[in-house]
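Right, one structure below, let's go through it.
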Amino acid sequence: MSAPLDEKTRALVVATVPALKAHGLAITEEMYKRLLSHPEIRDLFNLSHQRDLEQPKALALAVLAYAEHINDLGKLGGMVERIAEKHVGLNILPEHYPFVADALIGAIKHVLGDAATPEIIDAWGKAYWFLADVLIGREKQIYDEHEHAPGGWKGWREFTVRARHKETPFITSFDLVPVDGKPLFHHKAGQYLSFKLDIPGHGSQRRNYSISSAPGADHYRITVKRHDQGVVSTWLHDSVQVGDILQAANPAGDFFLDEASHAPVVLLAAGVGLTPLISMIEDLVATHSGRKIHYVLGADTVDLAAFVPFVTSLATAGKLTAEFFFAKGNVPAGNLPGQPVAQSNVASSGWLHRTLSHLTGSKRTIPEAVSSAGITVHSGHITQDWLRKNLDHAATYYICGPDSFMRDMIETLRNEQLSGSQIRYEIFGSASDPALVI
C-alpha cells in the first residue's frame, strides 16, 4: 500500500481541477488512444464505448471527481468499489496498471503542454499510484473471495448455452451451465457476468450482462436486447445457439439486493434495465422474505418489455404489485379507471399481452391508466412528478436503466431526503453522467 498522499501533492492535484474541467475529455481521449495501441490492453475493453466516447467521458468524470475530493477520499468509496468490481469482471490484473499510468501521464503532458509542469506531473504520478494501489488491494480481496467460495473460480470459465428463450421480438434470454459440470458460485441478486467473446469479423470482445435468474439456480440466465448496430447483441441473437460455449468471469458488481434488510422494496426499471431487478424479484419470492415488493417498468412499447407474464403471475398471486408505463401508445379503451378487468382474465398468462397490444400505435384519446389485480398499466413515461406523488419514504429503491432515467429518479429521491442507503442503482456501461459518478 502506498503511503498517504502528502499535503503538497494533494494541493497540486486540486490546483489542476480547472484544467480538468476544461480539458478532461481531451485528456482521456488521448489516454485511450495511447492505451489501446497495446493489443493486450485493447482486448480488455468494450470498444463500442470508445466509438460513442462513453468510456472517455466516464473516465474524465472519475478523474475530476478524484481531484475534487482528494482531501476527503471517503466520499469516493462507492466509485472505487464500482471500479474494482468492474475490473474483477474483466480480469484486470496488477500488471495492467503501469500501462494506464504511462498513458494517463503522457496524455496530461500532451494536452496541457507547458501547463503540465514537472511538479504537476510528479503529483499526478503519486496520486495515480495511490489510487491504483487501493484498487489493486480491493481487487485481490474480491478475486480471493471468488476463488475460494463454493462454486467460485478465477479467470475465465466455459459455459454451455443450455436453452434460449425469446422474451419479446427484441429480447432473448440465454440459460448458461458450466461445461465442467461443477457447482455455480452463488451470485448476489443484481450482479452481472462479464464475457470474453471471439466474434467472427470483429475479434475479441468484452461485454457485461446482468444475471436475470435467481441466486442458487443450477444455471445463470442473461437477458439481452438486440441493438441493430450492436456487434455482440446481434451476434448473440442471430448466431449463438443451444450447445454453443461462452467464456465468463465470476459474477461481479456492487449493485445487489440487501438481503439483511426488511424494508419495502421498490424496483424502478426502464427498458432492458429490468434484468437485474428480475433476479431480485425471483430471489425475494424464493426466499419468502415477506418484504413488500413494488415493481415499476417503463418501456417504449410492449415489444421492449420482457417478463411481463412472469410479473403478472406474481401480482395475481399477491406476491408483489406492479406498474407498467408505455410511452408509445395508449391504455386500451373500455377499461376505465375504477373498472377493473375480470380476475379470471388477469390470471391467464396471455391477458396482459392482449391488453397491452392495444397500446402500440393507438391514436385514440383514451384513459391514462387501467388497474387490475395488483397491476396498473399507464400510457406515458415514469416521471419525476409521478415518483414524488407515489413515494414510499420507508422503502429501498433499486434503479436501473438509461443514464437520463436514473438521473431523474435519483435526483427526485435525493430531493425528497431519502438516505443514500435507500437509493441504489446500476450503471450499464460507463458512468458518463456526473450525477451517477459518486
Side-chain angles (χ1 to χ4, degrees), residues 165-173 189-190 210-215 217 221-225 257 264-327 329 331-332 335 340-360 369-382 386 390 392 395-401 405 409 426:
H165 310 278
K166 198 172 186 65
E167 309 292 354
T168 79
F170 302 104
I171 299 175
T172 298
S173 290
S210 295
I211 302 170
S212 59
S213 52
R221 181 181 64 205
I222 60 169
T223 302
V224 182
K225 175 185 174 183
L257 185 67
V265 173
V266 178
L267 306 167
L268 287 171
V272 79
L274 60 87
T275 51
L277 307 187
I278 293 296
S279 177
M280 293 181 185
I281 290 174
E282 290 199 359
D283 190 31
L284 288 165
V285 171
T287 57
H288 306 287
S289 70
R291 297 167 71 177
K292 179 182 176 183
I293 308 168
H294 190 55
Y295 176 68
V296 186
L297 172 66
D300 277 351
T301 67
V302 181
D303 288 343
L304 297 176
F307 298 103
V308 169
F310 168 68
V311 173
T312 302
S313 67
L314 293 178
T316 302
K319 297 183 182 298
L320 54 74
T321 54
E323 302 195 49
F324 298 101
F325 287 76
F326 295 96
V331 175
N335 296 315
V341 178
Q343 177 66 33
S344 59
N345 289 335
V346 175
S348 71
S349 62
W351 171 82
L352 199 53
H353 275 306
R354 289 197 300 273
T355 300
L356 297 180
S357 67
H358 295 283
L359 292 167
T360 306
V370 293
S371 299
S372 181
I375 298 173
T376 302
V377 185
H378 302 264
S379 177
H381 295 278
I382 305 172
W386 176 86
N390 294 276
D392 183 349
T396 300
Y397 283 77
Y398 294 86
I399 309 165
C400 191
F405 166 76
M409 298 299 101
E426 173 68 301

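Heads up: numbering here begins at 1 and tracks the sequence.
A heavy-atom distance below 4.5 Å is not found between the side chains of Val272 and Phe170. Counting only heavy atoms from C-beta outward, the side chains of Leu304 and Thr168 never approach each other to under 4.5 Å. A heavy-atom distance below 4.5 Å is found between the side chains of Ile281 and Leu320. In this structure, Val224 and Thr172 have side chains that are not in contact, with every pair of non-hydrogen atoms separated by 4.5 Å or more. The shortest side-chain heavy-atom distance between Ile278 and Val311 falls under the 4.5 Å cut-off. The shortest side-chain heavy-atom distance between Phe405 and Ile399 falls under the 4.5 Å cut-off.
Ring planes of Phe310 and Phe307: perpendicular class, angle over 60° (limits at 30 and 60°).
A distance-only check finds no donor-acceptor pair linking the side chain of Ser210 to the backbone of Ser212 [under 3.5 Å]. Put simply, the side chain of Tyr397 gets close to the backbone of Asp392: a donor and an acceptor are under 3.5 Å apart.
Considering NE2 of His165 and OG1 of Thr223, their distance stands at 9.0 Å, rounded to 0.5 Å. Note: Tyr398 OH to Leu268 CG = 12.5 Å, rounded to the nearest 0.5 Å. Atom CG of Leu314 and atom CG of Leu284 lie 10.5 Å apart (nearest 0.5 Å). Atom CG of Leu274 and atom NZ of Lys225 lie 10.5 Å apart (nearest 0.5 Å).
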Please evaluate residues Met409 and Ile382 with respect to the criterion side chain to side chain contact (heavy atoms under 4.5 Å, CB included), reporting the C-alpha separation (whole Å), side-chain torsions for both, the decisive distance (0.1 Å), and the verdict. CA-CA 9 Å; Met409 298 299 101; Ile382 305 172; 4.0 Å; yes
Would you sort out whether Met280 and Val265 count as a side chain to side chain contact (heavy atoms under 4.5 Å, CB included), showing the intermediate values? CA-CA 10 Å; Met280 293 181 185; Val265 173; 5.9 Å; no
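Applying the ring pair (Phe, Tyr, Trp, His ring centres under 6.0 Å) rule to Phe325 yields the partners His378, Trp386; only residues at least two apart in sequence or on another chain are considered.
We find that Glu282 and Arg221 are joined by a salt bridge, their nearest charged nitrogen and carboxylate oxygen being less than 4.0 Å apart.
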